[in-house]
Every structure is written in C-alpha cells, then in structure tokens.
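For reference, the structure is listed below as structure tokens.
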Amino acid sequence: HLSPAPLPSADVGDSRLGPPDEDSTESPSKWTVEQVLEHALTEHPLLRARQHEVAMARARLISAGLLPNPQLVMDTDTPIQRDGPTELEARVTFEIPLKGKRRLREAVAQSAIRRAQAALSRAKEMILLEAADAAMDTLYWQELLQLRTRLAEISAERAKVARSRFDTRKAELQVDVAVEAECDAIDAENRILEARGGLAAARLRLSNALGMSPQSVLEITGAIEVDDDPLISLDDVLAIARRNRPQLSEACAALNESRGRKRLACAERFPNPTLGPRFRDRLGEADDEIGARFEVDLPLFDRNQGRILETAAEVHANRALVRAAELDALGSIAGAYFELRELHGAVATRERGIAQQVDRYEALLRDPALRQGMSAIQALEIRRRLVQTRIRHLELRYRYLRLRTQLESALGVSICSSDETSSDLSN
C-alpha cells in the first residue's frame, strides 16, 4: 500500500557515483507482488508436502472404517503309527468389533484430517507472509538504493564545489564546510554499498521464500499506495483472528483427535470376540462333522490401562496448547494492531505533506531569482536535506506496510473498514 515517490529532479552536474552496476550479474526478472504470492502458493515445495499429508490423513480414514478380514484356517491330521483316514479340518472366523470401535477410529481419522488441513492452512499463511514480507523488503531496498544514489550524486557535487572553492581560497567558504562536504560524499558512497548489499540479501530472501534457486534475481514492480481509511476495531480484529487463524484450528483439531483416541482406548478395554463355522472331514469316511467356534479374551487384567492414562494426559496437554496458541496468536495480532494504529493516520498524512513540501522547495530551487541569492553549496545542501527527509520517511512507510501485511495475511481480510470486511464480520 505504498507508491514509491518520484525522485526530485535537480541540476547538480556530473556525479562520481552512478546506479548499481547490473552488467556483471544476471539481469533481474520483474515481478509484481501478486505474481510473487501466486507463485508461492502454487510452487512452494513445503505446500506440496502439506498437501500430501492431507491425502495421507484421508487414506487413513478409509482404513479406519474397514472391518477386519475373516480368517481361514485349514488343518490335516494323518495317523503315523496306525492305519486310518486323513482328517481335514477347516474353520472361518470373523472378528466382531464391539463398543463402536469402527466409529471411534473414523472419528479419530476425521480429526486427523482436520488437523492436517489446518497445518496446510498454517503453512500457506506462513509462506504468504514470508513471500509478501520479502517482496516488501526487496521493494524497500530498491527505492532506498535509488534515494541513496541520488544523495551520493548531490554529495559528490557538493564536495566538488567545496574543493574548488577551497583551492581558490575563497573567503566565503570555511574549512569546516569543505571537510564536512568531503566526509558526506564518502559516507554517501559507503551507504550505496550498504544498500546494494541489502538489496542482494533481500532478493536472495525473496527467491528462497518462493522456493526458487538462489541464483534467481528478482525485481519487484508495481505501485503500492498508503491509504487513510479507518481501521476496523480491535474487537473485530480479535474475532476474525479467533475464526481464521490456522494455528488455533490446528490446536483445536489436535485436541479433538486426542479426545477421540482416549474414547477409543477406553473402548479397547473390551476385547472383540471371533465367531465362525467349523468343518471336519475324514477323507473316505461318511462321518463329516460341522460346528461353530467362539473365541474371546477374558478381560481379567486391564491391559489397556496405560494407554488410557496416556491419552488422558495427552488431552490435558492439548487443552493447554490450545490456550497457549490462542494467547500467542491473539497477542501477536493485538501487538501489531496497536503499533499499526499509531502509524496509520500519520503515515498517509505525512506522505502527502512531504510530497507537497518537496515539490514546493524543488520549484523554488528552479527559480532563477532565488538561485541568484544563494550559493551553489547552499542549493545542494537543501537538495541533500530533501533526499534525507525522503529516506527517513521511507523507513516509516515500510514499517507501516510490513505491519499491515502481517495483519492482513493473518486475518485473511483487509484491516481497513470496507463493505467486504463488514460482510465478513456479519458472516
């Protein structure tokens, strides 16, 4: 939500420093913020892994609802010490689940699916936030490099004028002014190198956020403007966060899953019986037999007691984790909201005021009548101060943008009051 302000045009002569040298590296490819976010959602390998984890959880739901396979047993007995026919015995047994174990296993699997889906949503939020923040960071360093390059040009010209006057021993130029101008020019050159390094690091971070090769060189384009529409209230922000934050949904799904496992562990105290027909045949004899087989473990000892206690403790732990996730999610949202609220109105107002002020002074500096009343050093000093003002406001604007990006990525809606936001709140 910020549009890079146009650089002031000035007639300052030649410069010792030019724009960053891109000839030695790969030419950057230009991306918009929308393209960055779309690419992050479709191509990032972490999201693919989370999508496969959702498919794995859905596959476990299929297995959870299946009945146990019947068991077929066939035995033959042939006498060794005496004569007699060979006996063939066969039985088929079916395990009968009791206490709704199939239903409980399906409930656990469904909770696992919801937890995997929440983990996928959390990964999307994390990747979108990182990609958007990296794009903003890249845009910040791009504009900062332009401003610092402009500042270095003015400082170099100012130092050049100061040296020429100092060499001719002009009385109106003091020694401290010449030394200050020379030091400012050197400092401006160093700040350009710092900005180039920051831009390279920001581009590397952006390529990593998109799951691209580190050799990829990206440039962010597009206009992003600051608006001064009123913010939605903190109560509405927290209500949206409780409904939309994926870490809260993931924690609640994990709690429901542990509760389902506890119910399943309690049901598994009761053993499943097996029942099925039996058949015995003496080969060559007419005395075949048929019957039934019933088998069940006698639950004299509660061998599932440890599992029940384990799942009960897991329920308590996940309940505490839900509360911790709520505190963490809502606390970070509230902190970012308070800071954004302090910056919101001032940034847009100062943006307009600074732009008007800079334009006015630039117009005055181009006035020939005014130029006759000031020295070249004074004119260059005014232009240098104007660029420094832009740099300081640039830092404030991008602090505002990063906070707003974090909030809107976390909430999934615009932080400013609008019909769309009001509709989301009513739903």
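Start at 1 with the first residue, then count along the sequence.
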Gap separating the CH2 atom of W31 from the CG atom of L37, nearest 0.5 angstrom: 10.5 Å
Donor-acceptor contact below 3.5 Å, side chain D137 vs main chain A202: no
Side-chain ion pair, R205 and E130, N-O less than 4.0 Å: yes
Heavy-atom pair with the smallest gap, counting every atom of R150 and V387: CG-CG2, 4.0 Å
E38 CD: over 12 foreign heavy atoms closer than 6.0 Å: no
More than 12 heavy atoms from other groups under 6.0 Å of CG on L300: yes
Donor-acceptor contact present, side-chain R245 to main-chain R242, <3.5 Å: no
R191 side chain near L151 side chain, heavy-atom distance below 4.5 Å: no
Qualifying side chain to side chain donor-acceptor pair (under 3.5 Å) pairs, either residue in residues 327-341, two or more places apart: E339-R399
Heavy-atom neighbours of Q388 CD exceed 12 at 6.0 Å: yes
Minimal non-hydrogen separation, A118 against S249, with atom names: CB-C, 3.9 Å
Side-chain (R293) to main-chain (R278) donor-acceptor, under 3.5 angstrom: no
More than 12 heavy atoms of other groups within 6.0 Å of D77 CG: yes
Validation row: R196, L145 side chains within 4.5 angstrom (heavy atoms): yes
E53 (side chain) donor-acceptor with A116 (main chain) under 3.5 angstrom: no
Polar side-chain atom of S409 near backbone of Q406 as donor-acceptor pair, under 3.5 Å: no
Ion pair R115/E250, N-O distance below 4.0 Å: no
Residue pair L147 / I391: nearest heavy atoms and the distance that separates them: CB-CG1, 3.7 Å
Least distance between heavy atoms, A135 atom then I220 atom: O-CG1, 3.8 Å
Shortest non-hydrogen contact between R105 and L264, atoms and distance: CG-CD2, 3.7 Å
Donor on one side chain, acceptor on other, T86 and T78, under 3.5 Å: yes
Shortest non-hydrogen contact between S29 and L218, atoms and distance: OG-CD2, 3.2 Å
Sub-4.5 Å side-chain heavy-atom contact between V36 and T32: no
Criterion side-chain contact (heavy atoms from CB on, under 4.5 Å) against V237, the qualifying member of L231, L340, L330, L411: L411
Lys/Arg N to Asp/Glu carboxylate O, R259 vs E257, below 4.0 Å: no
Over 12 foreign heavy atoms within 6.0 Å of CZ, R307: yes
side-chain hydrogen bond (donor to acceptor under 3.5 Å, both in side chains) between H316 and R319, worked out: CA-CA 5 Å; H316 292 301; R319 186 181 294 117; 3.1 Å; yes
Residues D184 and S155: side-chain donor-acceptor under 3.5 angstrom: no
Residues E106, R103: salt bridge by 4.0 Å N-O rule: no
K124, NZ: over 12 other non-hydrogen atoms inside 6.0 angstrom: no
Salt bridge flag under 4.0 Å for residues R48 and E43: yes
Under-4.0 Å salt bridge between R122 and E125: no
Salt bridge present between R402 and D133 (N-O < 4.0 angstrom): yes
Expected output: side-chain S63 to main-chain R60 donor-acceptor under 3.5 Å: no
Stepwise salt bridge (Lys or Arg N to Asp or Glu O under 4.0 Å) test for E268 and R261: CA-CA 10 Å; E268 287 177 344; R261 282 197 291 265; over 6 Å; no
Carboxylate-amine/guanidinium proximity below 4.0 Å for E310 and K262: no
